[in-house]
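For the numbers below, each heavy atom of this structure counts, side chains included, while hydrogens, waters and symmetry mates do not.
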Amino acid sequence: MADGRVAEAIPEARPAEGAAQVRPQESEAERADRQWNELMQEIRVAQTGVQILFGFLLSVAFTPTFRHLSDADRIIYITTVVLGATATGALIAPVPFHRWVSGRSIKAQAVRWAARLTFLGLALLIATLTSALFLILRVATHDGFVPWLVGGVVAWYLACWMVLPLWARRRYTSREEEAN
């Protein structure tokens, strides 16, 4: 069989999607441009979700039911709003960061900082979602199983957002790609 057909027949023989992060034909500037564009596409997905959630959270304080929340629930609500605000800020931050450093020939560094801000924003988003879910279930059920249910959802988030990608990274990345 030709190499291409072997790769098609044996999944493990296929290069991982997006595998060659360092492409031999790319210059440093081209790689930084590609990585920046990929990061911006990823951020667009997260930004939309966090902005909708944050908008919803802000509107809750103006509902008639808000007056009847216990002190503990109000503290959870305020915590959730602050987490949502910080998640929104971190996920939007790469855009103004790019505006401030654009044209300074530091795109590779901008990509690294934007990636860090994105990770921070995603961590804050998990915290926001956790806090919002905890508050909603607590108000809706007043039941002792709420922390366990929320803990299960957090475990699901961590499995989807961390464990699976790290497993795939380890499983499908070669030693040479890791070094780069």
Under the side chain to side chain contact (heavy atoms under 4.5 Å, CB included) rule, what do Val81 and Leu58 come out as? Steps first, then yes or no, please.
CA-CA 7 Å; Val81 169; Leu58 291 175; 4.0 Å; yes

Which distance, rounded to the nearest 0.5 Å, do you find between the [atom1] of [X] and the [atom2] of [Y]?
{"X": "Ile43", "Y": "Glu38", "atom1": "CD1", "atom2": "CD", "answer": "12.0 Å"}
{"X": "Leu57", "Y": "Thr128", "atom1": "CG", "atom2": "OG1", "answer": "7.5 Å"}
{"X": "Thr80", "Y": "Ile75", "atom1": "OG1", "atom2": "CD1", "answer": "11.5 Å"}
{"X": "Arg44", "Y": "Leu39", "atom1": "CZ", "atom2": "CG", "answer": "10.0 Å"}
{"X": "Ile92", "Y": "Leu117", "atom1": "CD1", "atom2": "CG", "answer": "12.0 Å"}
{"X": "Ser59", "Y": "Phe54", "atom1": "OG", "atom2": "CZ", "answer": "11.0 Å"}

What I want to find out is whether Glu30 reaches Arg34 closely enough, with some N-O distance under 4.0 Å, to be called a salt bridge.
no

Does atom CZ of Phe62 have more than 12 heavy-atom neighbours, drawn from other residues, nucleotides or ligands, at distances under 6.0 Å?
no

With a sphere of 6.0 Å drawn around CZ of Phe119, does it hold more than 12 non-hydrogen atoms of other residues, nucleotides or ligands?
no

Minimum heavy-atom distance between [X] and [Y], given as atom pair plus value:
{"X": "Ala110", "Y": "Trp36", "result": "O-CZ3, 3.7 Å"}
{"X": "Ser131", "Y": "Ile76", "result": "OG-O, 3.6 Å"}
{"X": "Arg74", "Y": "Arg67", "result": "NH2-O, 3.0 Å"}
{"X": "Phe66", "Y": "Val60", "result": "CB-O, 3.5 Å"}
{"X": "Met40", "Y": "Val95", "result": "SD-CG2, 4.4 Å"}
{"X": "Gly121", "Y": "Ala87", "result": "O-CB, 3.9 Å"}

Hey, quick one: are [X] and [Y] part of the same hydrophobic cluster, counting side-chain heavy atoms closer than 4.5 Å, chains of contacts allowed?
{"X": "Leu135", "Y": "Leu133", "answer": "yes"}
{"X": "Ile136", "Y": "Leu129", "answer": "no"}
{"X": "Val150", "Y": "Leu125", "answer": "yes"}
{"X": "Phe97", "Y": "Leu120", "answer": "no"}
{"X": "Ile126", "Y": "Leu91", "answer": "yes"}

Tell me if a side-chain donor or acceptor on Thr86 pairs with a main-chain N or O of Leu83 at a distance below 3.5 Å.
yes

Stepwise side chain to side chain contact (heavy atoms under 4.5 Å, CB included) check, Trp167 with Tyr172:
CA-CA 8 Å; Trp167 172 82; Tyr172 297 112; 4.0 Å; yes

Selection residues 132-149 - residue pairs positive for side-chain hydrogen bond (donor to acceptor under 3.5 Å, both in side chains), sequence neighbours left out
Asp73-Arg138

What pairs meet the side-chain hydrogen bond (donor to acceptor under 3.5 Å, both in side chains) rule with one or both residues in residues 104-118, with sequence neighbours excluded?
Asp33-Lys107

Is any side-chain heavy atom of Leu149 closer than 4.5 Å to one of Leu137?
yes

